[in-house]
*Asks:* 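Let me begin by handing over the structure; questions about it come next.
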Amino acid sequence: MSKVYSITAVQKIPVDIKTAWDFFSSPHNLQAITPPEIYFKVTSKYSSNMYPGQIIEYRVKPLLGITFYWMTEITHVSESKFFVDEQRFGPYSMWHHQHHFTIIEGGVEMTDIVHYKIPYWFLGDMVNSVLVRKQLRKIFNYRHKAVIQQFGNWPGERENIVIK
């Protein structure tokens, strides 16, 4: 049986909580913070307000140019605090992505915690160590830079993202 992996990314953003929440809780903005080579495209209709039970459908090319259909469900929402999306169909055996927002002096600290599992048992573990984990780190690093372009860098810091 393959393992469950996790990746955590933390970034400080110099905006108020409403601005951060409105931006990150809208599926419309996902494409803007995803590397273009992923060819990320939201294909479903969605409401402007996130809610538990909301289904979001995508087309992505995360690895080797292969197109995947991906469906996630928003399972938990606490306005301006956190939301969770979970894969219902897609490239992973399991995908659970928590988005946390904490008000700090001068802005918001955003923490992403992703737990994921690759299919195909030990082969999935090998693919994770060679490709998937690196790709996820690349996506979060791109997102970090895109967020800086959107909202500015945290004052006094050149690098303010931590990826574990």
Side-chain angles (χ1 to χ4, degrees), residues 4-44 46-63 70-88 90-92 94-118 128 132-164:
V4 174
Y5 298 95
S6 67
I7 188 167
T8 300
V10 180
Q11 184 171 7
K12 295 176 183 174
I13 309 168
V15 297
D16 62 89
I17 190 67
K18 181 176 179 354
T19 301
W21 180 262
D22 288 349
F23 183 83
F24 290 102
S25 67
S26 171
H28 175 73
N29 294 319
L30 287 171
Q31 189 171 343
I33 59 174
T34 304
E37 64 270 15
I38 302 292
Y39 297 100
F40 184 93
K41 181 174 169 99
V42 176
T43 58
S44 61
Y46 50 85
S47 92
S48 57
N49 296 329
M50 179 178 288
Y51 57 90
Q54 183 177 19
I55 297 292
I56 305 169
E57 296 173 283
Y58 324 86
R59 294 268 183 227
V60 294
K61 293 183 182 182
L63 293 170
W70 197 357
M71 175 192 282
T72 60
E73 177 183 355
I74 304 300
T75 57
H76 301 82
V77 177
S78 180
E79 181 86 21
S80 298
K81 293 180 183 170
F82 74 92
F83 65 92
V84 176
D85 65 85
E86 295 181 4
Q87 175 187 287
R88 293 297 172 243
Y92 296 91
M94 184 201 110
W95 177 269
H96 183 271
H97 185 177
Q98 302 172 51
H99 311 254
H100 295 271
F101 303 86
T102 304
I103 298 170
I104 58 175
E105 188 173 333
V108 173
E109 183 175 83
M110 179 178 67
T111 303
D112 288 279
I113 305 168
V114 178
H115 289 87
Y116 66 97
K117 187 174 180 177
I118 309 296
N128 182 66
V132 176
R133 184 157 185 84
K134 291 176 186 173
Q135 182 72 350
L136 287 174
R137 290 179 70 83
K138 183 178 176 182
I139 289 168
F140 277 105
N141 278 318
Y142 180 92
R143 179 179 177 174
H144 166 73
K145 292 173 185 160
V147 168
I148 288 172
Q149 286 181 342
Q150 179 75 27
F151 299 114
N153 203 0
W154 189 255
E157 292 188 26
R158 285 185 11 187
E159 277 298 315
N160 69 23
I161 190 168
V162 176
I163 299 178
K164 301 177 200 169

*Asks:* Are any of the side-chain heavy atoms of Val42 and His28 separated by less than 4.5 Å?
*Replies:* no
*Asks:* What is the minimum heavy-atom distance between Ile74 and Met50, and which atoms define it?
*Replies:*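 Distance-wise, the nearest heavy atoms are CG2-CG, 3.7 Å.
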*Asks:* How long is the straight-line distance from NE2 of His100 back to OG1 of Thr102, given to the nearest 0.5 Å?
*Replies:*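 Answer rounded to 0.5 Å: 8.5 Å.
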*Asks:* I'd like to check the ring-ring contact (aromatic ring centres under 6.0 Å, His included) partners of His76; sequence neighbours left out, ordered by chain and number.
*Replies:* none
*Asks:* Please step through side-chain contact (heavy atoms from CB on, under 4.5 Å) for the pair Val10 and Glu109, ending with a clear verdict.
*Replies:* CA-CA 7 Å; Val10 180; Glu109 183 175 83; 3.6 Å; yes
*Asks:* Could you tell me whether Ile103 atom CD1 has more than 12 heavy atoms of other residues or ligands within 6.0 Å of it?
*Replies:*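 Atom CD1 in Ile103 is not packed in, count stays at 12 or less.
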*Asks:* Tyr116: which residues meet the ring-ring contact (aromatic ring centres under 6.0 Å, His included) condition with it, sequence neighbours left out?
*Replies:* Tyr5, Tyr92
*Asks:* Is the shortest side-chain heavy-atom distance between Lys145 and Val147 below 4.5 Å?
*Replies:*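 Not touching, per the 4.5 Å side-chain cut-off.
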*Asks:* Quick check for you: to the nearest 0.5 Å, what is the distance between Ser25 atom OG and Asp85 atom CG?
*Replies:*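 Taking OG in Ser25 and CG in Asp85, the distance rounds to 12.0 Å.
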*Asks:* If every non-hydrogen atom of Trp154 is compared with every non-hydrogen atom of Ile13, which pair is closest and at what distance?
*Replies:* CZ3-O, 3.6 Å
*Asks:* Are any non-hydrogen side-chain atoms of Tyr51 and Gln54 less than 4.5 angstrom apart?
*Replies:* yes
*Asks:* Is the closest side-chain heavy-atom distance between Thr75 and Arg88 below 4.5 Å?
*Replies:* yes
*Asks:* Enter the distance from Ile148:CD1 to Gln150:CD here, rounded to the nearest 0.5 Å.
*Replies:*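 Nearest 0.5 Å value for the CD1-CD distance: 12.0 Å.
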*Asks:* Considering non-hydrogen atoms only, spot the tightest contact between Gln87 and Trp70 and give its length.
*Replies:*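 That closest heavy-atom pairing would be OE1-NE1, 3.0 Å.
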*Asks:* So how far is it from Met110 CE to Phe101 CZ, rounded to the nearest 0.5 Å?
*Replies:*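 Taking CE in Met110 and CZ in Phe101, the distance rounds to 6.0 Å.
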*Asks:* Using every non-hydrogen atom in the two residues, find where Val108 and Val15 come nearest and quote the distance to one decimal.
*Replies:* CG2-O, 3.3 Å
*Asks:* Test of understanding: with side chain to side chain contact (heavy atoms under 4.5 Å, CB included), list the residues that count as partners of Ser80, not counting sequence neighbours.
*Replies:*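 Checked Ser80 against side chain to side chain contact (heavy atoms under 4.5 Å, CB included); matches are Ile17, Trp21.
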*Asks:* Measuring only between side-chain heavy atoms, which start at C-beta, is Glu86 closer than 4.5 Å to Val84?
*Replies:* yes
*Asks:* Kindly write out the residues that satisfy side-chain hydrogen bond (donor to acceptor under 3.5 Å, both in side chains) with Gln31, not counting sequence neighbours, or none if the list is empty.
*Replies:*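 Residues passing side-chain hydrogen bond (donor to acceptor under 3.5 Å, both in side chains) with Gln31: none at all.
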*Asks:* Give the table of side-chain donor-acceptor pairs shorter than 3.5 Å for residues 56-63, with sequence neighbours excluded, one pair per line with atom names and distance.
*Replies:*
unit_1: Glu57; atom_1: OE2; unit_2: Tyr69; atom_2: OH; d: 2.5
unit_1: Tyr58; atom_1: OH; unit_2: Thr72; atom_2: OG1; d: 2.8

*Asks:* Mind checking what makes side-chain hydrogen bond (donor to acceptor under 3.5 Å, both in side chains) contact with Lys41, not counting sequence neighbours?
*Replies:*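 Applying side-chain hydrogen bond (donor to acceptor under 3.5 Å, both in side chains) to Lys41 gives none.
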*Asks:* Can you list everything that forms a salt bridge (Lys or Arg N to Asp or Glu O under 4.0 Å) with Asp112? Sequence neighbours excluded, please.
*Replies:*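 If we apply the salt bridge (Lys or Arg N to Asp or Glu O under 4.0 Å) test to Asp112, skipping adjacent residues, the hits are Arg143.
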*Asks:* With sequence neighbours left out, write down each residue that passes side-chain hydrogen bond (donor to acceptor under 3.5 Å, both in side chains) with Glu37, or none if nothing qualifies.
*Replies:*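 side-chain hydrogen bond (donor to acceptor under 3.5 Å, both in side chains) check on Glu37 returns Lys138.
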*Asks:* Which residues pass the side chain to side chain contact (heavy atoms under 4.5 Å, CB included) test with Ala146, not counting sequence neighbours?
*Replies:*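 Side chain to side chain contact (heavy atoms under 4.5 Å, CB included) check on Ala146 returns Ile33, Tyr142.
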*Asks:* What pair of heavy atoms forms the shortest contact from Gly53 to Glu73, and how long is it?
*Replies:*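 Heavy atoms only, the tightest pair is CA-OE2, 3.5 Å.
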*Asks:* Using the side-chain hydrogen bond (donor to acceptor under 3.5 Å, both in side chains) criterion, which residues pair with Thr19? Sequence neighbours excluded.
*Replies:* Asp16
*Asks:* Applying salt bridge (Lys or Arg N to Asp or Glu O under 4.0 Å), name anything that partners Glu79, two or more places apart in sequence or on another chain.
*Replies:* none
*Asks:* Work out which heavy atom in Asn29 is nearest to a heavy atom in Asp22; give both atom names and the distance.
*Replies:*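 Heavy-atom minimum between the residues: ND2-O, 4.2 Å.
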*Asks:* Classify the angle between the aromatic ring planes of Phe24 and Phe151 as parallel (below 30°), tilted (30 to 60°) or perpendicular (above 60°).
*Replies:* tilted
*Asks:* ring-ring contact (aromatic ring centres under 6.0 Å, His included) with His96: which residues, sequence neighbours excluded?
*Replies:*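 With neighbours one apart ignored, the set is empty.
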